[in-house]
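Dropping a structure here in structure tokens format, bear with me for questions.
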Amino acid sequence: MQYAVRASWRRLEWNALTACACAVAALVAVPVVVVLAHLAQPAGGTWRHLADTVLADYVANTLLLVLSVGAGVIVLGVATAWLTTMCRFPGRGFFEWALILPLAVPAYVMAYAYTDFLQFSGPVQSALRATFGWGARDYWFPEIRSLAGAGLIFSFVFYPYVYLLARAAFIAQGPGVIEAGRSLGYGPWRGFFRLALPLARPGVAAGVALALMETLADFGTVSYFSLPTFTTGIYRAWLSLGDRDAAAQLAAGLLAFVAVVLLMERLSRGRARFSAATTERRLAPVPLRGWRAFGAASACTVPFVAGFLLPAGVLVSLSISGGDFHGDTRYLRLVWNSVSVAAIAAVLAVAVAVLIAYAARASANPLALAAHRLAALGYAVPGAVIAVGVLIPVTRLDHLVSRWLEGALGISTGLILTGSVAALIYAYLVRFLAVGLQSVEAGLAKITPSMDAAARSLGTSALGALRRVHLPLLAPSLITAALMVFVDVMKELPATFMMRPFNFDTLAVRAYNLAADERLTELSVPALTIVAVGLVPLIVLSRAVVRARRAAERR
């Protein structure tokens, strides 16, 4: 009888865990559902106006950005991944971790840096005029604030996604692919295109999908460059035209672009399955000499310099010459606002990720697995879409509560949640929960199921096993997850810009506002602070890349 009671209580506990996971996943899905529901709304005057005037530009510019960035990150990411994995040349040990560093620089920060560097009064054009004695109309210089310029900036910022995943795929292939190509009479180039690259296609496709989703989610760069895209259209419809239905319908269009990117990534695999054969032989990179070594080093130097060293150097130079830092409370307030909301969002994201991932692991209930997959979709949704999806239901809830309190108690509360820090953190949680979930899930995968069985055999409850067994073993993964979410929130601009409370600015918002006023020198300090914070997890990640390479070469 006692055993039956204990077993029934344990089943109830598992069900409660699954119910909590499903409830949280449903809460995460609310913004997306709200946005998609507005597709059924009849088109209003604002939407018809946008369709007649700028909608075609939104579609064309967004599509061109996706195509140009896709091509750019493939060339940069695959080339550098292959060179640092399969070749030995001067500087290879440095480049294999340094090529990740552009991820620390938000795209909008790089846009500000390159604008200052390449504008008419910048150092490049000033040096050209001083060297050749040119006047203002004696030469032509490409405009960085253009569609092509945005494509280049996105390519240099986001190619590390492809680099990391393609490099992992090349390492997993081992020396067998090279030897198979030689046995077929393939030279280095033909072996790469016929064997190595097709086998690495899943990793490359996943990296490209990540880069394109980040491109679609960007607001700071396209807004600063005055490029009409779906993201800028959402802000115009919401903030300038005051039409939330039109903003939601544009957000649904942007979400459709994301869905197409994910579908293309899935279709690119087809029914193919890829696996790496185990081997005990070490991966011996091919030594390069002469002009080949110089070419390989140059190919790795260009994306590192263009994606990290140059923009970081420009920001440092601007901050020394006249950055927006005087040791006053304004800057300290910006830092406090950014750090506080990022820390709260990181802790909540990790806690929710543990709940959902553990429920999926501990229960065979299909609802728990569905909740896990549903919660992981947030990262694919741009911040602008999430902001619209959060603001609409939160505003309606505020109005309902206010009317009820006024009618029942005669109290007028106004808008409590709309424009609050709580709503902003909720948007962060929806946006970046998948980042924490991925790290927590990877940590749980390293814990053998026998540990769960041993805990159950000792009469430990589900939550007891989580507290005593899993959490201590998950500590490194939880720290990594919290750190990654923290940095992502620090860099987030679209949702913060739309949802921040009145008189509540972060470093990202401050940098954007200064850039909008063309005060590029003053924005250097908040932008440089964001970059410095972003370097922290990348140092940890770069160490992991170096360890993976050394392990592959010792096999």
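Just so you know, these numbers come straight off a predicted model, no measurement behind them.
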Just wondering, do F117 and L318 contact through their side chains at under 4.5 Å, heavy atoms? no
Check: P494 main-chain N/O paired with Y235 side-chain donor or acceptor under 3.5 Å: yes
Nearest non-hydrogen partners of A349 and L433, listed with the distance: O-CD1, 3.5 Å
Within the side chain of T115, is there an N or O that forms a donor-acceptor pair under 3.5 Å with the backbone of A111? yes
Spacing of CG belonging to N337 relative to CG belonging to L507, to within rounding of 0.5 Å: 8.5 Å
Got F89 and R92 here, is their nearest side-chain heavy-atom distance under 4.5 Å? yes
When you compare the side chains of T232 and Y58, does any donor N or O come within less than 3.5 Å of an acceptor on the partner? no
Taking every heavy atom of M499 against every heavy atom of A423, the minimum-distance pair comes out as CE-O, 3.4 Å
Heavy-atom closest pair, residues M110 and G307: CE-O, 2.9 Å
For the CD atom of E518 and the CG atom of L523, what is their distance to the nearest 0.5 Å? 9.5 Å
Under the 3.5 angstrom rule, does the side chain of S223 hit a backbone N or O of G220 as a donor-acceptor pair? no
List in chain and number order the residues that pass salt bridge (Lys or Arg N to Asp or Glu O under 4.0 Å) with R129, two or more places apart in sequence or in another chain; answer none if no residue qualifies. none
So do Q119 and V124 actually touch side chain to side chain, heavy atoms under 4.5 Å? no
Side-chain heavy-atom pair P31, V385 within 4.5 angstrom cut-off: no
Where P303 and L76 come nearest, the two heavy atoms and their spacing: CB-CD2, 4.3 Å
Where do V485 and A346 come nearest, in terms of heavy atoms and distance? CG1-CA, 3.7 Å
Could you tell me whether the side chain of E96 and the main chain of T85 form a donor-acceptor pair under 3.5 Å? no
Partner set under side-chain hydrogen bond (donor to acceptor under 3.5 Å, both in side chains) for T221, not counting sequence neighbours: D218
For E143, the salt bridge (Lys or Arg N to Asp or Glu O under 4.0 Å) test, sequence neighbours excluded, returns none
Tell me if a side-chain donor or acceptor on S319 pairs with a main-chain N or O of V316 at a distance below 3.5 Å. yes
Which is it for V162 and T80 under the side-chain contact (heavy atoms from CB on, under 4.5 Å) test, yes or no, and what are the steps along the way? CA-CA 10 Å; V162 179; T80 53; over 6 Å; no
Taking it one step at a time, do L128 and F141 satisfy side-chain contact (heavy atoms from CB on, under 4.5 Å)? CA-CA 10 Å; L128 288 175; F141 197 83; 3.9 Å; yes
Just distance, no hydrogens or angles: give the donor-acceptor pairs under 3.5 Å from side chains in residues 150-161, sequence neighbours left out.
residue, atom, partner, partner atom, Å
S155, OG, G151, O, 2.8
Y159, OH, L99, O, 3.0

CD1/I386 to CG/L391 distance, rounded to the nearest 0.5 angstrom? 11.5 Å
Check ion pair R500-E492 (N to O, under 4.0 angstrom): no
Taken to the nearest 0.5 Å, the spacing of T496 OG1 from R431 CZ works out to 10.5 Å
By side-chain hydrogen bond (donor to acceptor under 3.5 Å, both in side chains), which residues pair with S338, not counting sequence neighbours? none
First locate atom OG of S420, then atom CD1 of I425, and finally report the distance between them rounded to the nearest 0.5 Å. 8.5 Å
Is the closest side-chain heavy-atom distance between L83 and C300 below 4.5 Å? yes
Qualifying residues under salt bridge (Lys or Arg N to Asp or Glu O under 4.0 Å), relative to R236, sequence neighbours excluded: none
Side chains of Y139 and Q125: closer than 4.5 Å at any heavy-atom pair? yes
Donor-acceptor side-chain pairing of R167 and T84 below 3.5 angstrom: yes
ring-ring contact (aromatic ring centres under 6.0 Å, His included) with F257: which residues, sequence neighbours excluded? F230
Pairs where residues 294-318 contributes a residue and the test ring-ring contact (aromatic ring centres under 6.0 Å, His included) is met, not counting sequence neighbours: F94-F304
Side-chain contact, heavy-atom cut-off 4.5 Å: L315 with V105? no
Minimum heavy-atom distance V208-G70, with the two atoms named: CG1-CA, 4.4 Å
Which residue pairs satisfy the ring-ring contact (aromatic ring centres under 6.0 Å, His included) criterion with at least one member in residues 507-529, sequence neighbours excluded? F219-Y512, F497-Y512
For the side chain to side chain contact (heavy atoms under 4.5 Å, CB included) test, which of V421, V28, V30, L348 pairs with Y426? V30
Any chance you could measure L254, atom CG, to T62, atom OG1, to the nearest 0.5 Å? 7.0 Å
With sequence neighbours left out, the residues meeting ring-ring contact (aromatic ring centres under 6.0 Å, His included) with Y224 are Y112
Would you say the side-chain atoms of Y114 pair up with the backbone N or O of A306, donor to acceptor, closer than 3.5 Å? yes
May I have all residue pairs that pass side-chain hydrogen bond (donor to acceptor under 3.5 Å, both in side chains) and include part of residues 299-313, sequence neighbours excluded? none
Assess whether side-chain contact (heavy atoms from CB on, under 4.5 Å) is satisfied between T506 and M490, documenting all intermediate values. CA-CA 8 Å; T506 63; M490 287 283 292; over 6 Å; no
Could you list the residues that satisfy salt bridge (Lys or Arg N to Asp or Glu O under 4.0 Å) with D488, not counting sequence neighbours? none
Got a donor-acceptor contact below 3.5 angstrom from the N61 side chain to the T229 backbone? no
Would you say the side-chain atoms of T231 pair up with the backbone N or O of L216, donor to acceptor, closer than 3.5 Å? yes
State, with a plain yes or no, whether a side-chain heavy atom of F225 is found less than 4.5 Å away from one of I144. yes
